[in-house]
There are 2 protein chains.
Amino acid sequence: MQTQPNPTLDDVARRAGVSTATVSRCLNAPAKVSGKTRERVMAAVTALGYTPHFGARAMAARRTHTIGAVIPTMENAVFARGLQAFQEGLHAAGYTLLVASSAYDPVVEAEQVRALVARGADGLLLIGRTRDRALTDFLSARGVPALLAWVVEGEGVSVGFDNRAAMRALAEAVLAEGHRRIAMISGLTTGNDRASERLAGLREALAAAGLTRAGLPLEEVPYGIETGGAAFARLMEARPRPTAVMCGNDVLAAGALAKAAEMGLRVPEDVSITGFDDIELARIVPPGLTTAHVPHRDMGARAAEVLIALVEGGDAASVTLACPVVRRGSLGPPRG
Amino acid sequence: MQTQPNPTLDDVARRAGVSTATVSRCLNAPAKVSGKTRERVMAAVTALGYTPHFGARAMAARRTHTIGAVIPTMENAVFARGLQAFQEGLHAAGYTLLVASSAYDPVVEAEQVRALVARGADGLLLIGRTRDRALTDFLSARGVPALLAWVVEGEGVSVGFDNRAAMRALAEAVLAEGHRRIAMISGLTTGNDRASERLAGLREALAAAGLTRAGLPLEEVPYGIETGGAAFARLMEARPRPTAVMCGNDVLAAGALAKAAEMGLRVPEDVSITGFDDIELARIVPPGLTTAHVPHRDMGARAAEVLIALVEGGDAASVTLACPVVRRGSLGPPRG
DNA sequence: CGGCTCAATGTAAGCGCTTGCATAGCTATG
DNA sequence: CATAGCTATGCAAGCGCTTACATTGAGCCG
């Protein structure tokens, strides 16, 4: 499809009457070139519409100023928002972001990581911390630093929050209202440490309140409004019914809320519902969703800082952010 | 940071006792190599954990199997979803997707387009069709095909829908209910042809119904739930009040809906509200949002097909998808 | 059994850029 | 005025890969 060959450094050099080395310096270290020459070169650059060839540059410079990120899916607003902030931070520092999605599949994730490394990513942003040894080894052999986000430090540097503690705090708020029959709708926990940590947090809180572990009705379903609604309906078939349904994320909770309305159940009088993430949705679904606030944008911005430090300097410390409980209308005392 | 140099073709070749050419052929055209050699080479590849260097490959092969996409923002679910489908389609065909976002700024968009081309994108996906001459010229000079999505064909190939016609159809439904005092909350129209086309569609319908153009109260606000709510509040200060508020997208409409509830206005008894896009939200905000259904996933998938055809074959036809009106509780006849 | 074909492999020339080193043209110094 | 010390530039060697072309060695024909 290449109709006319793209202009190269050589074309620019010829047109400006200098060597390719000078042109290259003009572009990468303008201070090393005299004012007059620089002007002439820049004129040639714009006249020709020259754009440096990325592959060639990466090859010669062994540096790409590119950061790769592998996220589970772009369809989840939570990642989209964090990533947007992340990319703004990178852009400001002169880095470009390459995004790939894994569809929550570790095999695909590994593939994508390799693809990004092959593309010359100087560093990587990864979500969560469940991943296999081979991948970590691969990255360290290649000398590509990776930052883990959405979790707290396991091994390696991370920027994130403690999913378990946040969920436990939320559960404590629910218990404090007087709820004893609590059920949970969790996202799929297989290969998803955020989901399993949240579940674990709830179990810890229940145990601490003297409620037996066996007593937690649980539905584990894929991410989605529909699936959340369906899971809610199943949980509400139990007699006696749970008085509170805690969800692994806001989207599941929104589904539960919608289904409750459809079933003629009042929230929170007949049943309390909680979410996790605090996406915009949480504010607008009536009566407002009580949830754990995850500072997505802040996390993305901090992640950019830390990863750049890692890439350029060599080391940087992990950051742990707080996830306060946000109380809205969906949580109230059990009736009776 | 590169602790150990990455293995190169040469390392693999040496280890397998063949030339680099043979290794390259093994990877790119296995049929040209004898079975025994291939096994030996593949063994060396895995033993060394070899990954081809992307830049080098792009340089030598003048082809990257990479498609770039520039979207306004990842935070808009609408693009996220379309893009997810797009990327799945590309992946299946062996292409990789590079995503960049422009924040609705044409200058940034142009930058990103150039960056993607410099990175060797074989083709580009662009949203909408308002863009300046220089950019189109640049792309055609470089021989990089671009596909426009979310719109119908202007010049160039597109995969999308007719924003104006869809909005007109929606407006006709509103008029058919008997509404005559209609207001609009539009997204920012500057540099956003989707938004301006939708507005134009509404105006056409009003004109066709004999309502004067001057009679359309209009709020033009940035994308967001909050901004939609605030705009709604302003529109409802008019006396007599509008009986129907049509919004440029579902997110603005969700904000309007939430604000209506907060103001104690019943929907649709006191005021009807419509959206555009039909995102998940539209189904769950009570009483359900009447909106125009945009087939995002389908659009993404078709876009992948068409763009690949463009890149590989050279030409392909535009695709126009229908956007049926979806009726939900938020639209009813005006009271009285 | 010579000669031809064809499949499998090797040789080597780039692809477009960066960068260490050499060079040239100055000015400041003794 | 010769010399040292700069700065601005050029030269040329790769970076890791693909691919046209050359080479080799079978297998097959008459």
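Order of the sequence lines sets the chain letters (A, B, ...), proteins ahead of strands, with each chain counted from 1. Heavy-atom basis, side chains included; hydrogens, waters and symmetry copies ignored.
For A:A21, whose side chain is taken as the heavy atoms from C-beta onward, the closest listed nucleotide among C:dT9, D:dT19, D:dG10 is D:dG10. Between C:dG16, D:dG16, D:dT9, one nucleotide has an atom nearer to the side chain of B:A60 than all others, and that is D:dG16.
Each of B:L97, B:L98, B:L90 was evaluated against B:T66; a single residue qualifies, B:L98, per the side-chain contact (heavy atoms from CB on, under 4.5 Å) test.
Few gaps surround NE2 on B:H65; more than 12 heavy atoms of other groups in view lie less than 6.0 Å from it.
Across the protein-nucleic acid pair, B:R57 atom CZ and D:dC15 atom P stand 19 Å apart, rounded to whole Å. Taking atom CZ of residue A:R38 and atom C1' of nucleotide D:dT9, one finds them 14 Å apart after rounding to whole Å. Per the geometry, CZ belonging to A:R62 stands 13 Å off C1' belonging to D:dA13, to the nearest Å. When the C1' atom of D:dT18 is taken as reference, atom CZ of B:F54 falls 14 Å away, rounded to whole Å. For A:L27 and C:dT19, the CG to P distance is 12 Å, given to the nearest whole Å. Per the geometry, NE2 belonging to A:H53 stands 16 Å off P belonging to D:dG16, to the nearest Å. One atom, CG of A:L9, and another, C1' of C:dT19, lie 13 Å apart when rounded to the nearest Å. If you measure from atom CG of A:N28 to atom C1' of D:dT9, you get 16 Å, rounded to the nearest angstrom.
Of the possible donor and acceptor atoms, one in the side chain of B:T8 sits under 3.5 Å from a partner among the backbone N and O of B:D10.
For the OP1/OP2 pair of D:dG10 and a distance below 4.0 Å, the side-chain nitrogens and oxygens of A:T20 include no atom meeting the criterion. One finds no side-chain N or O of A:S19 lying less than 4.0 angstrom from the OP1 or OP2 phosphate oxygen of D:dC11. For C:dG10, one of the phosphate oxygens OP1 or OP2 lies less than 4.0 angstrom from a side-chain nitrogen or oxygen of B:T22.
Residue contacts for B:Y50: at a heavy-atom cut-off of 4.0 Å it reaches the sugar-phosphate backbone alone, with no base atom in range.
When each of B:S34 and A:S24 is assigned the nucleotide of DNA chain C with its nearest heavy atom, B:S34 is the one assigned upstream, toward the 5' end.
Distance check, rounded to the nearest 0.5 Å: CG of B:L124 to CD1 of B:I67 gives 8.0 Å.
A donor-acceptor contact under 3.5 angstrom links the side chains of B:T64 and B:D122, judged on distance only.
Checked by distance alone, A:R25 brings a side-chain donor or acceptor within 3.5 Å of a matching partner on the base of D:dG10.
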